[in-house]
Every structure is written in C-alpha cells, then in structure tokens.
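Right, one structure below, let's go through it.
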Amino acid sequence: MVSITIFIVFISFYFFYNTSKKTVKHNYNKLENWIDENIQLTKIIATILLIISLILNIYVFGFGAGSLLFFILFMTIGSLIIILTPLKLIRYKSALLLFIISLLFELIIF
C-alpha cells in the first residue's frame, strides 16, 4: 500500500510540475502535450490524486502518522522531481519499472 501511495504522489506532483509556466519543456511526448492542452483538468486530477493518497495514508497508518507520512512523501518526491526532471533523468518507463519492482517487494516480503 505504501508503494501505491508513493506512486500516486509522484504522478500528482509530476502533473503539477508540468502545468507550471516556469518549466522549460524541450521534448514533448503525448502525455505532456495533453497536459499542456488541458491545464485546468490536469490540476483537478492532480488534486484529486493527492487527496486519495492522503486518505490512503490516513487509513493505513492512522491520522497522525498517515498525515505526517503524506507530507514527508510529498516534500521528498517533490524535491526529486524538481531536481531530476530538468536533467531528463525521470522517464515514464523507468518510473513505472521502479513502481512495479517496489510493489513486488512490498507484496512478497510483507
């Protein structure tokens, strides 16, 4: 469940990052084109995803620990996206592969 919430926070912050007018975009793919065309809808989707992630964290860990974990995840993943996206180190395939591997470890070990 933790890897799912981490991935949801990653997706939502990435959506928020791409809707910013201050970001410099060089290579577009289909998702980034769609985000540029539908900025308001993307912000609504990203907000809903953040709320879902917060609710999942509160459900799994309780109110105090869940909300604290959510804000720690939000700050950590946000910092990584802001640092690594301009360097083109974040790709969709690598993010999806990392999510699948972490989900498999979570399900097998725990």
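The first residue of the sequence shown is numbered 1, and numbering continues consecutively from there.
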To the nearest 0.5 Å, how far apart are [atom1] in [X] and [atom2] in [Y]?
{"X": "Leu50", "Y": "Phe16", "atom1": "CG", "atom2": "CZ", "answer": "5.5 Å"}
{"X": "Ile6", "Y": "Leu98", "atom1": "CD1", "atom2": "CG", "answer": "9.0 Å"}
{"X": "Asp36", "Y": "Asn18", "atom1": "CG", "atom2": "CG", "answer": "7.0 Å"}
{"X": "Ile48", "Y": "Ser53", "atom1": "CD1", "atom2": "OG", "answer": "13.5 Å"}
{"X": "Leu103", "Y": "Leu96", "atom1": "CG", "atom2": "CG", "answer": "10.5 Å"}
{"X": "Ser20", "Y": "Lys43", "atom1": "OG", "atom2": "NZ", "answer": "8.0 Å"}

Linked, directly or transitively: [X] and [Y] (ILVMFWY side chains, under 4.5 Å):
{"X": "Ile44", "Y": "Ile52", "answer": "yes"}
{"X": "Phe71", "Y": "Ile11", "answer": "yes"}
{"X": "Leu80", "Y": "Met75", "answer": "no"}
{"X": "Leu104", "Y": "Ile8", "answer": "yes"}
{"X": "Leu84", "Y": "Val9", "answer": "yes"}

With heavy-atom distances below 4.5 Å as the criterion, would you say the side chains of [X] and [Y] are in contact?
{"X": "Phe13", "Y": "Ile82", "answer": "yes"}
{"X": "Thr47", "Y": "Phe15", "answer": "no"}
{"X": "Tyr14", "Y": "Ile77", "answer": "no"}

* Asked: Hey, what's the ring geometry for Phe99 with Phe7, parallel, tilted or perpendicular (30° and 60° as the breaks)?
  ->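 If you compare the ring of Phe99 with that of Phe7, the planes turn out parallel.
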* Decide side-chain contact (heavy atoms from CB on, under 4.5 Å) for Leu41 and Trp34; before the verdict, give the C-alpha distance in whole Å, the side-chain angles of both, and the deciding distance to 0.1 Å. => CA-CA 10 Å; Leu41 182 62; Trp34 184 85; 3.6 Å; yes
* To do: Examine distances only and state if a side-chain atom of Thr76 and a backbone atom of Leu73 form a donor-acceptor pair shorter than 3.5 Å.
  => no
* To do: Please report the C-alpha distance between Leu68 and Phe61 in whole Å, then the side-chain angles of each, then the deciding distance to 0.1 Å, and finally whether the side-chain contact (heavy atoms from CB on, under 4.5 Å) criterion is met.
  => CA-CA 10 Å; Leu68 180 67; Phe61 297 108; over 6 Å; no
* **Criterion side chain to side chain contact (heavy atoms under 4.5 Å, CB included) against Phe70, the qualifying member of Leu56, Ile55, Leu54, Ile58** => Leu54
